[in-house]
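Each remark here refers to the structure printed beneath this line.
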Amino acid sequence: MVKAVVGANWGDEGKGKITDTLSKEADIIVRFQGGANAGHTIVNDYGKFALHTLPSGVFYGHTTSIIGNGVALNIPVLFKEIKDIVDRGVPMPKILVSDRAQIVMPYHILFDEYEEERLAGKSFGSTKSGIAPFYSDKYAKIGFQVAELYDEAGLKEKLERVIVQKNVLLEHLYHKPLLNVDELFNTLMDYKKMVDPYVCDTSAYLYKAIKEGKNILLEGQLGSLKDPDHGIYPMVTSSSTLAAYGAIGAGIPPYEINKIITVVKAYSSAVGAGAFVSEIFGNEADELRRRGGDGGEYGATTGRPRRMGWFDCVATKYGCRIQGTTDVAFTVLDVLGYLDEIPVCVGYEIDGEVTTDFPTTAKLEKAKPVLKTLKGWKTDIRGIKKYEDLPEKCREYIEFVEEQIGFPITMVSNGPGREDIIYR
Ligand code: GDP
């Protein structure tokens, strides 16, 4: 049984918490895309953790955590993350890293910084983790797979070739210090020592696990609207955020993914630039930001304040469809308990016409939200375990959203903890 946990929105939907909750019954948890540019915040018995590279399942003794081939692997970040959790009392997790995963090179991070600097006001709001330069190089076929660390002669020769190109850009476009092959080679040899205990053919491992009937969770990063094909291009991330890509980024047959749990947040938040139709500002936004998530809506990696908005039925309906949703996990609902009335975006007005279909970027930039106001429930719903015990107005909010998006909400998350979940 393979389940994917993915986001319907702009990321930060609470996927980490849902994966952590579902990990109880999982044998293997796989990261299949993205890199250390986004993070998951997880609260459990060991404390509060922000993970950027490790899958959320590392806190359970019984699970194996896999970094799939689709991931942008930052080896020192992985190494530090393992050390940090072990130092804080978490038992050493079982971790496997795909020998086909590609390595985030030190210069990917530099190029990310230099490019943001060059673009200045027109930048994409990159987290400067090297993700866009990394995926560019991967598809330009000048990336480095983990397996290449084990062929030292070949590695050095390829480095020499690739560095020529990088240095032209450094010298003439960015006017920055040049790269040195020996230095990079030595850094990669250090990376090899760090990653060596974990490297294997994870696709073969997963294939065998599927045949043995193991429970496997694929953990996505960010959400549908950040997908390079189906999101708000170009304000997207550089690897596919969709469950379908889970098959590629983990190296498993697509037909083995039989449950797609799309995580949807009860209000909206986004980081970085790009159209955000239901965005709110001023005091209204500040209050939601302060009360949001677990300790406020600030980026897990960057600490940046997130942009806030009301729930967007148009974006979420689309986000769920493009994921191939079988189940919706509706999260952070408890946060809305302070509001007398809750506006929800039910349509987009574009050039005088109202639509409920999510448009391409140029049209999206022109969209104005059509809002409908629902009644708030004005109580703290944390601690409630049964759907029927939720306040009536709260159930009405859930059922309204469910009808608008057209996918079944089977889980409601009413707090940041593992046990704060209501199954429907
Ligand atoms: P992810 O990247 O999708 O995993 O999302 P983040 O970790 O960035 O953001 C989710 C935030 O909301 C984290 O701080 C979680 O601890 C918190 N969170 C998740 N589910 C809930 C919930 O149901 N209620 C509350 N109050 N916080 C939640």
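Residue numbers run from 1 in the order of the sequence given.
- Under the 6.0 Å distance and 45° angle rule, Lys208 does not count as a cation-pi partner of Tyr205.
- Scored by the salt bridge (charged side-chain N to carboxylate O under 4.0 Å, His left out) test, Lys385 finds no partners at all (sequence neighbours excluded).
- Classification of the Tyr107-Phe111 ring pair by plane angle, with boundaries at 30° and 60°, yields perpendicular.
- For Tyr387, the OH atom is densely surrounded, since the number of other residues' heavy atoms within 6.0 Å is greater than 12.
- Atom CG of Asn283 has 12 or fewer neighbouring heavy atoms from other residues, nucleotides or ligands inside a 6.0 Å radius.
- Under the 6.0 Å distance and 45° angle rule, Arg290 does not count as a cation-pi partner of Tyr338.
- How far CG of Asn180 is from CZ of Phe185: 12.5 Å, rounded to the nearest 0.5 Å.
- Other residues, nucleotides and ligands contribute only 12 or fewer heavy atoms inside 6.0 Å of the NZ atom of Lys368.
- Of the possible polar contacts, none joining the Gln33 side chain to the Gly220 backbone as a donor-acceptor pair under 3.5 Å is found.
- Tyr245 and Phe32 have tilted rings, their planes meeting at an angle from 30° to 60° on a 0 to 90° scale.
- A perpendicular orientation is assigned to the rings of Tyr397 and Phe311, their planes being inclined by more than 60° (bins at 30° and 60°).
- The NZ atom of Lys94 sits 10.5 Å away from the CG atom of Asp27 when rounded to the nearest 0.5 Å.
- Aromatic ring orientation, Phe276 versus Trp10: tilted (interplanar angle from 30° to 60°).
- Residues Thr331 and Lys17 bring no donor and acceptor atom of their side chains to less than 3.5 Å of each other.
- Interatomic distance, Arg31 CZ to Ile66 CD1, rounded to the nearest 0.5 Å: 13.0 Å.
- Contact of the Lys166 side chain with the Asp137 side chain is registered, since non-hydrogen atoms from C-beta on lie closer than 4.5 Å.
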Legend entry - Pair Met105-Val162, side-chain contact (heavy atoms from CB on, under 4.5 Å): steps then yes or no: CA-CA 12 Å; Met105 303 290 273; Val162 172; over 6 Å; no
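- Remark: Arg100 does not engage Asp201 in a salt bridge, criterion side-chain N to carboxylate O under 4.0 Å.
- The CD1 atom of Ile142 sits 10.0 Å away from the CD atom of Gln102 when rounded to the nearest 0.5 Å.
- By the 4.0 Å N-to-carboxylate-O rule, Lys3 lies too far from Glu25 to be salt-bridged with it.
- Electrostatic pairing of Asp196 and Lys193 does not count as a salt bridge here, judged by no charged N lying under 4.0 Å from a carboxylate O.
- Atom CG of Asn258 has more than 12 heavy atoms from other residues, nucleotides or ligands within 6.0 Å.
- In this structure a side-chain-to-backbone donor-acceptor pair under 3.5 Å is missing from Glu148 to Gly154.
- Between Lys128 and Glu116, no side-chain nitrogen of the basic residue sits less than 4.0 Å from a carboxylate oxygen of the acidic one, so the salt-bridge criterion is not met.
- More than 12 heavy atoms of other residues, nucleotides or ligands lie within 6.0 Å of NZ in Lys211, so this atom counts as buried by the packing criterion.
- One finds the CE atom of Met194 at 8.0 Å from the CD1 atom of Ile75 (value rounded to the nearest 0.5 Å).
- Note that CD1 of Ile131 and CD1 of Ile109 are 8.0 Å apart. Values are rounded to the nearest 0.5 Å.
- A donor-acceptor distance shorter than 3.5 angstrom exists from the side chain of Thr63 to the backbone of Gly57, with no hydrogens or angles considered.
- Between Tyr207 and Pro253 the shortest heavy-atom distance is CE1-CG, 4.1 Å.
- When only modelled atom types and interatomic distance are considered, Asn9 and Thr316 share a side-chain donor-acceptor pair under 3.5 Å.
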Legend entry - side-chain contact (heavy atoms from CB on, under 4.5 Å) assessment of Leu170 paired with Leu110: CA-CA 10 Å; Leu170 286 171; Leu110 293 175; 5.7 Å; no
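- Salt bridge Glu157/Arg161: present, at least one basic N to carboxylate O contact under 4.0 Å.
- Side chain of Thr241 to main chain of Gly223: a donor-acceptor pair is present (N/O by atom type, distance under 3.5 Å, no hydrogens or angles).
- Annotation: side chain of Ser224 is in contact with side chain of Leu242 (closest heavy-atom distance under 4.5 Å).
- In terms of modelled atom types and a separation under 3.5 Å, the side chain of Tyr60 and the main chain of Asp20 share a donor-acceptor contact.
- Sparse packing is recorded around NZ of Lys363, with 12 or fewer heavy atoms of other residues, nucleotides or ligands lying under 6.0 Å away.
- Applying the side chain to side chain contact (heavy atoms under 4.5 Å, CB included) test between Asp84 and each of Glu81, Arg88, Lys80 identifies Lys80 as the sole match.
- A salt bridge links Lys259 with Asp327: the closest approach of a Lys/Arg side-chain nitrogen to an acidic carboxylate oxygen falls below 4.0 angstrom.
- Under a 4.0 Å N-O distance rule, the pair Glu117/Lys176 qualifies as a salt bridge.
- Contact annotation: the side chain of Glu219 never approaches that of Lys15 to less than 4.5 Å [non-hydrogen atoms, C-beta and beyond].
- When each of Asp312, Thr356, Asp357 is checked for a side chain to side chain donor-acceptor pair (under 3.5 Å) with Tyr348, only Asp312 meets the rule.
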Inset, instruction - Let me see the working for Lys317 and Phe358 under side-chain contact (heavy atoms from CB on, under 4.5 Å), right down to the final yes or no. - result: CA-CA 8 Å; Lys317 180 178 78 164; Phe358 193 77; over 6 Å; no
